[in-house]
There are 2 protein chains.
Amino acid sequence: MSGLRERKKAATRHAIQEQALRLFLERGYERTPVAEIAEAAGVSPMTFFRYFPTKEDVVEHDEYDPVLARLVVARPPDERPLAAVGAAVGTALAALGERELETVLVRTRLVLSTPALRARRSGNESATRELFAGALATRAGVEQPALTHRVAAAAAVATLTTALETWVDEDGRRHLAVVVQEAFGALLDGVSPGRTPG
Amino acid sequence: MSGLRERKKAATRHAIQEQALRLFLERGYERTPVAEIAEAAGVSPMTFFRYFPTKEDVVEHDEYDPVLARLVVARPPDERPLAAVGAAVGTALAALGERELETVLVRTRLVLSTPALRARRSGNESATRELFAGALATRAGVEQPALTHRVAAAAAVATLTTALETWVDEDGRRHLAVVVQEAFGALLDGVSPGRTPG
DNA sequence: TCACACATGAGAGCGACTATCAGGTAGGTG
DNA sequence: CACCTACCTGATAGTCGCTCTCATGTGTGA
């Protein structure tokens, strides 16, 4: 399955993404036309859109969501939904190395500071919510996610987003996992008065 | 302050919005060019953009947020943040009449079923989050919103969004206030096991 | 009534994105 | 090794959202 064609495609895709990110960081997202990215990557503008349906797509990855969903399903069933998601996220983040965190930081900063990318990110969160809601339903042994599952999923994603924003604001000084854990703790604080800190 | 000029502007603005909504519902958002909206409203395409900076702006209102923020600040300070936001929203929704709810239903349905509008809506939620976080901070008597306030605000907005989606899925059969209350109850369920139903 | 401010329109133009068509290259087949 | 097919690519043209500049006409305030 790894003929010359496949390798060329992978290389082209990688080149486009690399040049795009470089130009975005240098000159800003809005001031970088697709034509320039294509030229820098040595392809035609057409080819850019064959690899990435929109200009925004070249920034996003969203490869973590399915992993997270599986971790959520695997959490013990007596755990409260939000605690389950929080723990699953904690587990996933612990596996991230220094370099990966740096990449995430740079890209997240770019996304948060670019309205168009921010809006798209928000749009994607809706898919993440549904994925988490499905995972919580599966864990509970039911077909369709109940309102509880959907609300818990939505709150968890919102908490995650807030944690990410905080982390970027801090320039990534603390480990992301720490900030996320603190955010989930703050969520409990915001709901019930007496909580048991971890 | 209500000279002929002002009234003309208000009329033009209203005409554009009315024709836009009509055409969007008839032919769909994506298949309705701004030029057609402008023609239907009897103005030039240029004028459309003078009144609404983007095509998406013609759909959104977002007039409720400031009201909600004020209601949040007014909640008793011993209430937990999420309960405070939930109660504030409940109060605001109780004031909505049959016709207003119908309008909200139609527009929300359009927004949720149109990716571009959905993304924009999500983008706006970020502003709503900050507004709520500020309100919670003010209520707590501090200048800058703490992480607790920001997380609570984010979770509350996420819960609200989920409630709105549920409400639209149900074609507005139950009153929106009921669905929202149920959603906030579900959030408590998702966090702590024993809760006292209202 | 006069002069200014402002709302509007016309035209050109940019950038994201799409559809169609033609040419070249990889891959399996004889 | 030659060939044929399938697919990747590019050129062209076009649509649509959105902006800029400039000129004109219409309210408004003096």
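Chain letters run A, B, ... following the sequence lines, proteins first, then strands; residues in each count from 1.
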message: Is it the case that D:dG27 (base atoms only) and B:Arg7 (side chain only) share a donor and an acceptor within less than 3.5 Å, ignoring hydrogens and angles?
response: no
query: Could you state the CZ-C1' distance from A:Phe49 to C:dG15, rounded to the nearest angstrom?
result: 9 Å
Whole-Å gap separating C1' (D:dT15) and NZ (B:Lys55): 12 Å
query: Can you tell me how far P of C:dT8 sits from CE of B:Met46, to the nearest Å?
result: 10 Å
message: Is there a side-chain contact (heavy atoms from CB on, under 4.5 Å) between A:Arg80 and B:Val191? Walk through the geometry before answering.
response: CA-CA 6 Å; A:Arg80 291 278 95 187; B:Val191 174; over 6 Å; no
Of the listed nucleotides D:dC8, D:dG17, C:dA16, the one nearest the side chain of A:Lys9: D:dC8
query: When the distance from CD of B:Glu30 to P of C:dA16 is rounded to whole Å, what number comes out?
result: 18 Å
- request: May I ask you to say what B:Tyr51 touches in the nucleic acid, namely base, sugar-phosphate or nothing, with a heavy-atom cut-off under 4.0 Å?
  value: sugar-phosphate
- request: Check the distance between D:dC8's P and A:Arg50's CZ and give it to me in whole angstrom.
  value: 9 Å
- request: Report yes if at least one side-chain N or O of B:Lys8 is closer than 4.0 Å to OP1 or OP2 of C:dA7; otherwise report no.
  value: no
- request: Could you tell me the separation between the CD atom of B:Glu56 and the P atom of D:dC18, rounded to a whole number of Å?
  value: 7 Å
message: Exactly one of A:Leu131, A:Val85, A:Val142, A:Thr148 should register a side-chain contact (heavy atoms from CB on, under 4.5 Å) with A:Leu136. Which one does?
response: A:Val85
query: Nearest-Å distance, OH (B:Tyr29) to C1' (D:dC16)?
result: 11 Å
task: Would you check if there is a donor-acceptor pair between the side chains of A:Asp57 and A:Thr54 at a distance under 3.5 Å?
output: yes
query: Are A:Leu188 and A:Val179 grouped together when hydrophobic residues (ILVMFWY) are joined by side-chain heavy atoms under 4.5 angstrom apart?
result: yes
- request: Rounded to the nearest angstrom, tell me the gap between atom CZ in B:Arg5 and atom C1' in D:dG25.
  value: 11 Å
field: Closest nucleotide among C:dA16, C:dG9, D:dT9 to the B:Thr47 side chain
entry: C:dG9
task: For A:Pro45, answer base if it contacts any base atom (sugar-phosphate contacts may also be present), sugar-phosphate if it contacts only those atoms, and nothing otherwise; contact means non-hydrogen atoms under 4.0 Å.
output: nothing
- prompt: Quick one: do B:Tyr64 and B:Val168 end up in the same hydrophobic cluster if we chain Ile, Leu, Val, Met, Phe, Trp and Tyr together by side-chain heavy atoms under 4.5 Å apart?
  reply: yes
